[in-house]
Amino acid sequence: MSAVLDERPILGVLPFWVDIVWIWAWSSVSGLIVWRVCRSLLNKGCAIFRIVIILYGACAIALWAVPFGSIILLKQGVCLPFIPSAFAVVASGVVVLFVQCSQKFPTSSEVSVQNLPKLDEIR
């Protein structure tokens with residue numbers, strides 16, 4: 001009732017396809033950022049944490065900027081999905097970490113093949 005009396009928009013959600021694009025974009029960008037950060041595991045973890053904080057800020061601005069009307073999309077009272085996006089950011093960062101670690105360290109089968117003596121060395 002107070003939203004109508006104060007002429008504030010009623011909080012709504014984006015269409016499903018926009019939510020999917022929003023989550024996919026955050027996941028893709030965070031994966032690329034974690035991939036490009038230097039090789040330290042601590043730096044990559046900090047990058048994931050910073051991305052989640054930036055995502056939280058974007059969602060909070062979208063939610064709290066509604067009364068101020070600073071952005072056209074936000075004048076409509078749109079709520080952005082934070083939890084699925086944060087999960088996608090962390091998941092894509094972890095996947096990038098696993099892929100980079102698996103490329104850095106050879107598997108046990110590769111190590112055993114590399115250490116075999118050559119035929120010329122045996123004779």
Side-chain angles (χ1 to χ4, degrees):
M1 182 81 150
S2 66
V4 174
L5 294 176
D6 295 338
E7 296 180 7
R8 289 182 291 142
I10 297 174
L11 192 61
V13 295
L14 295 171
F16 182 70
W17 68 271
V18 178
D19 281 346
I20 297 297
V21 170
W22 174 264
I23 295 166
W24 175 81
W26 277 99
S27 176
S28 300
V29 168
S30 66
L32 289 172
I33 290 172
V34 171
W35 176 58
R36 296 301 297 165
V37 170
C38 44
R39 293 279 184 191
S40 169
L41 186 62
L42 179 64
N43 287 344
K44 289 182 185 292
C46 288
I48 293 171
F49 180 73
R50 288 180 189 141
I51 294 167
V52 171
I53 296 299
I54 292 169
L55 171 64
Y56 178 76
C59 292
I61 288 171
L63 188 61
W64 293 106
V66 171
F68 305 112
S70 60
I71 301 174
I72 293 172
L73 174 69
L74 303 177
K75 285 183 180 180
Q76 299 172 2
V78 175
C79 182
L80 298 174
F82 170 69
I83 299 297
S85 302
F87 179 74
V89 164
V90 172
S92 65
V94 168
V95 166
V96 168
L97 287 174
F98 280 135
V99 168
Q100 286 183 338
C101 285
S102 69
Q103 289 177 350
K104 183 189 287 186
F105 300 109
T107 62
S108 59
S109 62
E110 293 172 348
V111 170
S112 62
V113 170
Q114 291 174 354
N115 293 335
L116 289 177
K118 296 181 182 177
L119 289 177
D120 295 337
E121 295 174 359
I122 296 174
R123 293 183 188 171

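These numbers come from the heavy atoms of this one structure, side chains and all, not from hydrogens, waters or symmetry mates.
- A donor-acceptor pair is defined here as one N or O able to donate and one able to accept, closer than 3.5 Å; no such pair exists between the side chain of Lys44 and the backbone of Gly93.
- Residue Phe82 places its CZ atom among more than 12 non-hydrogen atoms of other residues, nucleotides or ligands, all under 6.0 Å distant.
- The shortest heavy-atom contact between Ser27 and Ser92 is O-OG, 3.2 Å.
- Atom SG in Cys46 sits 9.5 Å away from atom CG in Leu41 (nearest 0.5 Å).
- Residue Phe49 is not grouped with residue Ile33 when hydrophobic side chains (ILVMFWY) are merged at heavy-atom distances under 4.5 angstrom, including chains of intermediate members.
- The cluster map of Ile, Leu, Val, Met, Phe, Trp and Tyr, joined by side-chain heavy atoms under 4.5 Å apart, puts Tyr56 and Val29 in the same cluster.
- Across all their heavy atoms, Leu55 and Ala86 have their closest contact at CD2-N, 3.4 Å.
- Counting all heavy atoms, side chain and backbone alike, Ile48 lies closest to Val34 at CG1-CG2, 3.5 Å.
- Both Val90 and Ile83 belong to a common hydrophobic cluster when Ile, Leu, Val, Met, Phe, Trp and Tyr are linked at side-chain heavy-atom distances under 4.5 angstrom.
- Residues Trp35 and Gln100 approach most closely at CD1-NE2, 2.9 Å, considering heavy atoms.
- Hydrophobic clustering of Ile, Leu, Val, Met, Phe, Trp and Tyr side chains at less than 4.5 Å, counting indirect connections, unites Trp22 with Trp17.
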Stepwise side chain to side chain contact (heavy atoms under 4.5 Å, CB included) check, Trp26 with Val52: CA-CA 9 Å; Trp26 277 99; Val52 171; over 6 Å; no
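- The two residues Gly31 and Val96 make their nearest non-hydrogen contact at O-CG2, 3.7 Å.
- Across every non-hydrogen atom of Ile23 and Ser85, the tightest pair is CG1-OG, 3.5 Å.
- Judged purely by atom type and a 3.5 angstrom limit, Ser28 has no side-chain atom pairing as donor or acceptor with the backbone of Ala25.
- Under the 4.5 Å side-chain heavy-atom criterion for Ile, Leu, Val, Met, Phe, Trp and Tyr, Val21 and Ile51 are members of the same hydrophobic cluster.
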